[in-house]
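In what follows, chains are A, B, ... by sequence order, proteins preceding strands, each numbered from 1.
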There are 4 protein chains.
Amino acid sequence: MAQKNKIVVQTSVKDESLIELRRQQIIGGAVKLFKEKGFHRATTREIAKSAGFSIGTLYEYIRTKEDVLYLVCDHIYDEVKQQLAGITTHSGTLGELKHAIKQYFKLIDSMIDEFTIMYQETKSLSKEAMHYVFEKELGMVSFFEQIIKNCMPSGGKALTDDEIFLVANQIVVQGQAWAFRKWTLQKRYTLEEYTNAQTKLLLSGMIHLQEEE
Amino acid sequence: MAQKNKIVVQTSVKDESLIELRRQQIIGGAVKLFKEKGFHRATTREIAKSAGFSIGTLYEYIRTKEDVLYLVCDHIYDEVKQQLAGITTHSGTLGELKHAIKQYFKLIDSMIDEFTIMYQETKSLSKEAMHYVFEKELGMVSFFEQIIKNCMPSGGKALTDDEIFLVANQIVVQGQAWAFRKWTLQKRYTLEEYTNAQTKLLLSGMIHLQEEE
Amino acid sequence: MAQKNKIVVQTSVKDESLIELRRQQIIGGAVKLFKEKGFHRATTREIAKSAGFSIGTLYEYIRTKEDVLYLVCDHIYDEVKQQLAGITTHSGTLGELKHAIKQYFKLIDSMIDEFTIMYQETKSLSKEAMHYVFEKELGMVSFFEQIIKNCMPSGGKALTDDEIFLVANQIVVQGQAWAFRKWTLQKRYTLEEYTNAQTKLLLSGMIHLQEEE
Amino acid sequence: MAQKNKIVVQTSVKDESLIELRRQQIIGGAVKLFKEKGFHRATTREIAKSAGFSIGTLYEYIRTKEDVLYLVCDHIYDEVKQQLAGITTHSGTLGELKHAIKQYFKLIDSMIDEFTIMYQETKSLSKEAMHYVFEKELGMVSFFEQIIKNCMPSGGKALTDDEIFLVANQIVVQGQAWAFRKWTLQKRYTLEEYTNAQTKLLLSGMIHLQEEE
DNA sequence: CATGAATGAGGATTCATTCAT
DNA sequence: GATGAATGAATCCTCATTCAT
């Protein structure tokens, strides 16, 4: 999940720590707003207000409205990256994979609004920013690919790279599914139950994959 | 996947068959446009033009721009419903499930634009329309629930309803994932390969689910 | 109240009696509608519907939307003219004036909607049509001028033409006032009471006018 | 003519004195325009231009086009209120009434455009705003009721409340009549002459009212 | 004669962005 | 650095009018 080419959102303000503070305010305000009415229906005035300052000030820290969306998306990945980074025990056991999944699902649940926004508004980003977001996506997939590769029981036929890729995708997607479909999944599962059930299903499938042939 | 309370998009035109024709034109034009620039960036004038007539005429067949989005969403489900309806062989075998998945994935691949639009713009619908779309979603899930229930090998411990629900959700979500992530999945898999791999993984997991305990 | 230069509303229909019928329908429908929402807020579609036929048909009997307004205004004056024509007893007494006022007020009360419309929408007419309406107004004033002139008690100093004109205007205006201010006048007066009180006040003032000097 | 519940026209601008300034500009521009083409035919762009700024700016000071009309109506009453307030000498003589009438008629003559607009476009206001305007109307009537009550010569039978109300209405209406009918009245009377003649007629009638019984 | 589908100019309103204070 | 008033392009939607059937 290496972070490269972070796109720079231009500012006319010099004080770096102030920039950081204001951006946190912008992101916070924007997330609340975007969740409620979506990126397009939220006005810059509202974003500024929700962030706690005037439009004039908002525009001291961003160049265009789209920047706000990018800021939000970027922030999510930073968070994800940071959180997942601390997970891997490098024990190379199935337990590690289970743990990673659990943490990932937890993370998503705690940032449901952010994730929902990101996946629904991504296409409103410029090609450049969209590309950056896609890269982050791939980073998450390869994070899980790595763990899977390391934890597969050494005995038996190894999974092919493509199979590992598929499973990693599954994990990432099913995590996102919790964000998008919480409204219905919740009726039957708590996050914990959902996590366990998905994990069981996934690992079970994964382990028996080679035998099926 | 029973269809209930279809929301009526008001028209000031009386000729039913003309309405049908024009709406097909609207949907066709809108899908092309929405895919390209998203619902919000597409103007009503563009929609009309893309449909092949004037805004005036467009507004004879819809009430608001949102109606166009609803028309698109509704059309997708009608298509899905119709296509899937012809699938089930009622053989009650695993083969039936495999077949259903295959057809569903095929269907999604053939309507990728429409699906992408629907999932990204859903929140721009009115509460009422959104509810209707959600219902359709649930319809698809229960379609697969039904097939799964019927095809599980009779021997062995039966899956619980919640487990069946989870697997059905998996299928629906992984189908959608093909639409959203085709850009990356495609690099490694053709649709056929993706379908096979996913099916194998899923069935494998499902079948061994009870033994794991 | 001589009627001159009636403006012709062009028609593409030949049958005279049909034209008459359709126009009555148009006027009837329009009055109802205009009262409710005003000339500008009423659409031609609504007018047609309210008249009982399609817009296509409506436009067979008028050239523009304004024609409808003119039709309504013209109709009112025709009615007023016809009704007042039968009033004058030519007795040349104060009783005649009283009677004329009473009938005029009655007439207005029975056509309140039409009058209200006419006075509020007049300026939406073309210069030409507006001029025609103004002429009709003057016709009404001179109708009363005539009666006043004839009924003044021969003894005493005669009223000047300007004074007669003023009184005639008073009558016309107070009649209209009943239409515009019925919402408040009604709380204290029935039409009959209002008529009597106004008449008393007016005649009283008129009669004593010369003595005041 | 107590002023209650002034309806608030929402603004997104905070500087109160700027609001006041801009509103005066809006009212000024609007009156000119409305007089010329009526409320409905005047576009918001024209209003803005006539006021001296862009539509964007116009909409910083109003919410809807109707607000402009309300602003105009409200402004008229404020003017009337202020002007009439300074009139009453509280001498309780007929002279006071005469003076009040004279001032009122003068006021109307100086605001002919505004009055004409108000009476012709009132029905385009929302129920709420219309109600407010009606209230102001009543305020004017009771202003004159008060003066009449105080100035009637103490000898002789007193006028009933209903009669006073009627006379007050007369005054208000005949003032308005000068605005609506200036086009014809002017041919025979200057404002001064009209005022005198009307006053004479009215007072004459009023004074002799009781004797007539 | 009657119908109603088609048209598109026109109008109200919004909102991202700028810039003087 | 912060503010918020000003701007006007852009957008949704309406509706008078026409014309083919």
Side-chain angles (χ1 to χ4, degrees), chain A residues 11-15 18-19 22 40-49 52-68, chain B residues 11-15 18-19 22 40-49 52-68, chain C residues 11-15 18-19 22 40-49 52-68, chain D residues 11-15 18-19 22 40-49 52-68:
Chain A
T11 308
S12 59
V13 176
K14 298 290 180 310
D15 184 337
L18 186 55
I19 293 178
R22 291 284 180 258
H40 282 99
R41 295 209 202 289
T43 69
T44 49
R45 269 165 156 97
E46 287 172 320
I47 295 171
K49 193 175 181 184
F53 33 74
S54 67
I55 341 141
T57 302
L58 176 64
Y59 271 86
E60 295 285 328
Y61 297 92
I62 59 166
R63 196 72 90 220
T64 68
K65 189 186 174 188
E66 204 206 288
D67 281 350
V68 178
Chain B
T11 309
S12 58
V13 174
K14 291 170 181 175
D15 185 335
L18 189 56
I19 293 177
R22 292 283 179 261
H40 282 99
R41 294 210 201 289
T43 69
T44 50
R45 262 177 172 80
E46 287 172 320
I47 295 172
K49 193 175 181 183
F53 33 67
S54 66
I55 339 140
T57 301
L58 175 64
Y59 273 89
E60 293 282 328
Y61 296 92
I62 58 165
R63 266 259 205 285
T64 67
K65 189 184 173 190
E66 201 207 289
D67 280 349
V68 177
Chain C
T11 308
S12 58
V13 175
K14 299 291 182 310
D15 184 336
L18 186 56
I19 292 178
R22 292 282 180 259
H40 281 99
R41 294 207 201 290
T43 69
T44 49
R45 269 164 155 98
E46 288 172 320
I47 296 171
K49 193 176 181 183
F53 34 73
S54 66
I55 340 140
T57 302
L58 176 64
Y59 272 86
E60 295 285 327
Y61 296 93
I62 59 166
R63 198 66 95 217
T64 69
K65 188 185 174 188
E66 204 205 287
D67 281 351
V68 178
Chain D
T11 308
S12 57
V13 174
K14 293 171 181 174
D15 185 334
L18 189 55
I19 292 177
R22 293 282 178 261
H40 283 99
R41 294 211 201 288
T43 68
T44 49
R45 263 176 172 81
E46 287 172 322
I47 295 171
K49 193 175 181 183
F53 32 67
S54 66
I55 339 141
T57 301
L58 175 64
Y59 273 89
E60 293 283 328
Y61 296 92
I62 58 164
R63 265 256 204 287
T64 68
K65 188 184 175 190
E66 202 208 288
D67 280 348
V68 178

*Could you tell me which non-hydrogen atom of A:Ile62 sits nearest to which non-hydrogen atom of A:Thr64, and how far apart they are?*
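That closest heavy-atom pairing would be CD1-O, 3.5 Å.
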
_B:Lys65 versus B:His40, closest heavy-atom pair with distance_ =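 The pair with the smallest heavy-atom distance is NZ-O, 3.5 Å.
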
Identify the pairs formed between an N or O of the protein and an N or O of nucleotides 14-16 of chain E at a distance under 3.5 Å, and give each distance.
unit_1 : atom_1 : unit_2  : atom_2 : d
E:dA16 : OP1    : A:Lys65 : NZ     : 3.1
E:dA16 : OP2    : A:Thr44 : N      : 2.6
E:dA16 : OP2    : A:Thr44 : OG1    : 2.8
E:dA16 : N6     : A:Arg45 : NH1    : 3.3

_Once side-chain hydrogen bond (donor to acceptor under 3.5 Å, both in side chains) is applied, do any residues pair with C:Thr44, and if so which ones, sequence neighbours excluded?_
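So C:Thr44 forms no side-chain hydrogen bond (donor to acceptor under 3.5 Å, both in side chains) with any residue.
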
*Return the value, rounded to whole Å, for the distance between atom CD of D:Glu46 and atom P of E:dG11.*
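It is 7 Å, rounded to the nearest whole Å.
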
*Round to a whole Å and report the spacing from NZ of B:Lys49 to C1' of E:dT7.*
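In whole Å, E:dT7 C1' lies 16 Å from B:Lys49 NZ.
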
*asked:* Please enumerate all residues that pass salt bridge (charged side-chain N to carboxylate O under 4.0 Å, His left out) together with C:Arg45, with sequence neighbours excluded.
replied: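 Salt bridge (charged side-chain N to carboxylate O under 4.0 Å, His left out) list for C:Arg45, sorted by chain: B:Glu60.
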
*Quick one: salt bridge (charged side-chain N to carboxylate O under 4.0 Å, His left out) partners of C:Glu46, sequence neighbours excluded?*
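Checked C:Glu46 against salt bridge (charged side-chain N to carboxylate O under 4.0 Å, His left out); matches are C:Lys37.
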
*Just say parallel, tilted or perpendicular for the rings of C:Tyr61 and C:Phe53, cut-offs at 30° and 60°.*
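Taking C:Phe53 first and then C:Tyr61, their aromatic rings sit tilted (interplane angle of 30° to 60°).
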
*Select from A:Val13 and C:Ile62 the residue whose nearest nucleotide in DNA chain F is closer to the 5' end of that strand.*
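The residue closer to the strand's 5' end, by nearest nucleotide, is A:Val13.
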
_For DNA chain E, the dot-bracket pattern of Watson-Crick and G-U pairs whose distances stay under 3.5 Å, | for other-strand partners_ = .||||||||||||||||||||

_Could you tell me the boundaries of the chain B footprint on DNA chain F, defined by atoms under 4.0 Å from its heavy atoms?_
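With heavy atoms of chain B under 4.0 Å away, the range is F:dT11 to F:dT14.
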
*Testing D:Leu18, D:Ile19, D:Asp67 for side chain to side chain contact (heavy atoms under 4.5 Å, CB included) with D:Thr11, which one passes?*
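Only one option passes, and that is D:Ile19.
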
*Rounded to the nearest 0.5 Å, how far apart are CG of A:Leu58 and CZ of A:Arg22?*
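Rounded to the nearest 0.5 Å, the CG-CZ separation comes to 11.0 Å.
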
